[in-house]
2 protein chains.
Amino acid sequence: MERGCEDIPTRDAETGHAAQDATLRGFLGYHVKRAMSVLQADLAGAIEPFGLRMMSYSALVVIVDNPGLRQAQLADLLAVERPNLVAVIDDLEGKGLIMRHKTLADRRAYALMPTAEGIDTAAKASEANRAAEARRLAGLSAEDRAVVIRVMNMIERGEGGSAR
Amino acid sequence: MERGCEDIPTRDAETGHAAQDATLRGFLGYHVKRAMSVLQADLAGAIEPFGLRMMSYSALVVIVDNPGLRQAQLADLLAVERPNLVAVIDDLEGKGLIMRHKTLADRRAYALMPTAEGIDTAAKASEANRAAEARRLAGLSAEDRAVVIRVMNMIERGEGGSAR
DNA sequence: AAACATAGTTACACAGGATATCTATTAATC
DNA sequence: GATTAATAGATATCCTGTGTAACTATGTTT
């Protein structure tokens, strides 16, 4: 990999213009991705005091909402592959926030049950998340918020014409 | 980690109700994250035929838009840390899409220059991405699209009230 | 009973992203 | 002008999220 060594000036050394990502800005996905990274950082900061990260928080909240859920159902709900949940569930169980109850009906499956502490932690973490999101979106009108959620749902469900 | 073994039924075995992520759906960030994963998959599929992935595609497009750019500037623009770009630039250079030109002005820095093939590939990949996004967003009105982009920018720039 | 399917697990791989540290070089300061 | 500080890029690690393949114990079908 030989490298040229001519007198090619660095961009803004010559023009004084700031470099731009204009082409990428033409894509809605690019804007969504950059906003997502801010929202993800907000979430991480909000739930970190509870020893939770995005996946463990999401899993905990869904288990609290759906006591008795099986791991495969949880994976479907969160749209992740089953193997990715094993360590997450291990972590939540190790922290005493949920329990894996063997079911008699199907001895392969676990019924995931939140503990009292899990229910409490989920509520507190969600409140922290809610507060962080409220701060981040303080200037957002209810109408704009509704549009964003509707569009994100449309994208997620493959409505606007779907892919391929 | 002992596991209980009582007769706790699996959720929908008893209720027949589908499990829900209602609490998570209360957060705008959750909707954005799920949509983002669809958009990311679209992008990956669109640019994969060109041997590009999200980061290499983004870097290539920015270099084409800003010939002579330095790596640190590119990192700032894409909001990633400098070390993460090294392998990406190596890859683009190895594929003959860009060149690292040593500058005489500052012999530490490289001026990143797209090759003719790089310019061509960037154009084709962007067109594929544009087409994929157009399919995905076919049902989206111009107004809704504008709202989404405005809100994402607001979030990215920390306008609606900022964090903390 | 045999074949097949399923729940959870293990092992592995890969992309995206961050930090700390090293080198060559440039800029600043005494 | 020599020493110190700052900068560009590179290297080495590490972490999180996410996916696939294959294994085990069960359950279900045929």
Side-chain angles (χ1 to χ4, degrees), chain A residues 1 3 5 9-13 29-30 33-34 36-41 43-45 47-48 51-59 68-76 78-93 98 100-112, chain B residues 1 3 5 10-13 30 33-34 36-41 43-45 47-48 51-59 68-76 78-93 98 100-112:
Chain A
M1 221 59 61
R3 286 160 186 183
C5 202
T10 265
R11 182 163 204 282
D12 66 0
Y30 183 66
K33 189 226 168 199
R34 296 197 58 137
M36 186 58 219
S37 103
V38 170
L39 295 173
Q40 158 69 40
L43 171 64
I47 64 183
E48 184 273 335
L52 298 171
R53 290 176 307 208
M54 181 178 62
M55 283 308 298
S56 53
Y57 166 70
S58 303
L69 199 71
R70 287 183 290 107
Q71 292 182 205
Q73 294 177 297
L74 179 59
D76 282 353
L78 295 179
V80 300
E81 297 303 313
R82 297 39 134 217
N84 296 325
L85 279 181
V86 175
V88 171
I89 300 295
D90 282 351
D91 179 63
L92 291 173
E93 192 180 31
I98 67 163
R100 277 191 252 232
H101 279 282
K102 276 245 151 124
T103 64
L104 295 186
D106 185 341
R107 303 209 318 275
R108 295 170 302 181
Y110 293 117
L112 301 174
Chain B
M1 217 64 58
R3 287 163 186 179
C5 204
T10 265
R11 185 166 201 283
D12 66 0
Y30 183 67
K33 191 228 169 196
R34 296 196 60 137
M36 184 59 218
S37 102
V38 170
L39 295 173
Q40 157 70 40
L43 171 65
I47 65 183
E48 184 272 336
L52 298 172
R53 289 175 308 213
M54 181 177 60
M55 283 309 296
S56 53
Y57 166 70
S58 303
L69 199 73
R70 287 184 290 108
Q71 294 183 204
Q73 294 176 296
L74 179 58
D76 283 353
L78 294 179
V80 299
E81 296 303 314
R82 296 46 131 215
N84 296 324
L85 279 181
V86 175
V88 171
I89 300 294
D90 283 350
D91 179 62
L92 291 174
E93 193 182 28
I98 66 164
R100 278 190 250 231
H101 280 283
K102 274 245 149 122
T103 64
L104 296 184
D106 185 340
R107 304 209 317 276
R108 295 169 301 183
Y110 293 118
L112 301 174

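These numbers come from a predicted model, not from an experiment. Letters A, B, ... mirror the listed sequences (proteins, then strands); counts begin at 1.
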Original post:
How many Å lie between CD1 on A:Ile89 and C1' on C:dT9, as a whole number?
Top reply: 13 Å

Subject >> All salt bridge (Lys or Arg N to Asp or Glu O under 4.0 Å) counterparts of A:Arg108, not counting sequence neighbours >> reply: A:Asp106

**OP:** Identify, with sequence neighbours excluded, every residue that meets salt bridge (Lys or Arg N to Asp or Glu O under 4.0 Å) alongside A:Arg107.
**Re:** none

Subject >> Partner set under side-chain hydrogen bond (donor to acceptor under 3.5 Å, both in side chains) for B:Tyr30, not counting sequence neighbours >> reply: B:Asp21, B:Arg34

Original post:
Could you state the CD-P distance from A:Gln71 to C:dT6, rounded to the nearest angstrom?
Top reply: 17 Å

**OP:** Using whole Å, report how far CG of A:Leu104 lies from C1' of D:dT26.
**Re:** 14 Å

Subject >> Spacing of B:Leu52 atom CG relative to C:dA15 atom P, expressed in whole Å >> reply: 13 Å

**OP:** Just jot down the side-chain contact (heavy atoms from CB on, under 4.5 Å) partners of A:Val38, sequence neighbours excluded, or say none.
**Re:** A:Asp42, A:Arg136, B:Ile155

Original post:
Is any side-chain nitrogen or oxygen of A:Arg107 closer than 4.0 Å to OP1 or OP2 of D:dG27?
Top reply: yes

Kindly give the atom pairs (protein nitrogen or oxygen, nucleotide nitrogen or oxygen) under 3.5 Å for nucleotides 5-7 of chain D.
residue: D:dT7; atom: O2; partner: B:Arg108; partner atom: NH1; Å: 2.4

**OP:** For B:Leu85 and D:dG9, give me the distance from atom CG to atom P, rounded to whole Å.
**Re:** 10 Å

Subject >> Residue pair B:Leu112 / B:Leu92, side-chain heavy-atom distance below 4.5 Å >> reply: no

Original post:
Does a side-chain heavy-atom distance below 4.5 Å link A:Asn84 with A:Leu78?
Top reply: no

**OP:** Quick one: pull up OG1 in B:Thr103 and CZ in B:Arg70 and give me the separation to the nearest 0.5 Å.
**Re:** 8.5 Å

Original post:
In whole angstroms, how far is the P atom of C:dG16 from the CG atom of B:Leu78?
Top reply: 12 Å

**OP:** Kindly write out the residues that satisfy side-chain contact (heavy atoms from CB on, under 4.5 Å) with A:Gln40, not counting sequence neighbours, or none if the list is empty.
**Re:** A:Met36, A:Ala44, A:Met54

Original post:
Does some side-chain heavy atom of B:Tyr110 sit less than 4.5 Å from a side-chain heavy atom of B:His101?
Top reply: no

Subject >> Length of the line joining B:Lys102:NZ and D:dA10:C1', which is rounded to integer Å >> reply: 11 Å

Original post:
Given atom CG of B:Asp106 and atom C1' of D:dG9, what is their separation to the nearest angstrom?
Top reply: 10 Å

Could I get a table of every N or O pair under 3.5 Å where one atom is in the protein and the other is in nucleotides 12-18 of chain D?
residue: D:dT16; atom: OP1; partner: A:Arg53; partner atom: NH1; Å: 2.3
residue: D:dT16; atom: OP2; partner: A:Arg53; partner atom: NH1; Å: 3.4
residue: D:dG17; atom: OP1; partner: A:Met54; partner atom: N; Å: 3.4
residue: D:dT18; atom: OP1; partner: B:Lys33; partner atom: NZ; Å: 3.3

